[in-house]
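Data block below; observations after.
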Amino acid sequence: MATFHKLVLIIGFVSIFHSAYSAAQHRSYLRLNELDFKQLPLDIIIQTIASFFVIMYGVLNVAGDFKEIKASADLDNKSWDTFRNIPSFYTFSHRGRSLAG
């Protein structure tokens, strides 16, 4: 099922890139024929919106499970001893060692 969602995501990105290319091509067509730009054609707008929803569907299913917003949800199963245990702050070779003699 994950490969299906990845394929849907790739199709969505290809479709949105195609709609961007179509919009640029339409713009250059208007410049070459010296016409005024009023708005994009309806098919390009519909393709862009549909691609956006396909990409949203693919991203939501590929990304995995959501986490809780509550900050303490990850900390509920930890003890108080592990909160202060931060190994990245341990320093064993500091200047106090050279001052001790």
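The structure presented is a predicted model; accordingly, all values stated were derived computationally and were not measured.
Summarising the geometry, atom CD1 belonging to Ile44 is positioned 8.5 Å from atom CD belonging to Gln25; distances are rounded to the nearest 0.5 Å. Atom CD1 of Ile55 is separated from atom CD1 of Ile11 by 11.5 Å, given to the nearest 0.5 angstrom. Atom CZ in Phe13 sits 6.5 Å away from atom CZ in Phe17 (nearest 0.5 Å). Note that NZ of Lys6 and CG of Asn61 are 12.5 Å apart. Values are rounded to the nearest 0.5 Å. Taking CG of Leu40 as the start and CD1 of Ile46 as the end, the distance is 12.0 Å to the nearest 0.5 Å.
Linking Ile, Leu, Val, Met, Phe, Trp and Tyr whenever their side-chain heavy atoms come within less than 4.5 Å puts Ile49 and Met56 in one cluster. Connection of Ile16 to Leu60 is not established within any shared hydrophobic cluster, with ILVMFWY side chains joined at heavy-atom distances below 4.5 Å, either directly or through further cluster members.
Residues that satisfy the side chain to side chain contact (heavy atoms under 4.5 Å, CB included) test with Leu30, not counting sequence neighbours, are His26, Leu35, Phe37. For Asn33, the side-chain hydrogen bond (donor to acceptor under 3.5 Å, both in side chains) partners are Tyr29, not counting sequence neighbours. Listed by chain and number, the residues in a side chain to side chain contact (heavy atoms under 4.5 Å, CB included) with Val14 are Ile10 (sequence neighbours excluded).
Using modelled atom types, no side-chain atom of Ser15 and backbone atom of Gly12 make a donor-acceptor pair closer than 3.5 Å.
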**OP:** For side chain to side chain contact (heavy atoms under 4.5 Å, CB included), just list the numbers for Leu7 and Thr3, CA-CA rounded to whole Å, side-chain angles, deciding distance to a tenth of an Å, and then say yes or no.
**Re:** CA-CA 6 Å; Leu7 183 65; Thr3 56; over 6 Å; no
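In terms of heavy-atom proximity, Val8 sits nearest to Val54 at O-CG1, 3.5 Å.
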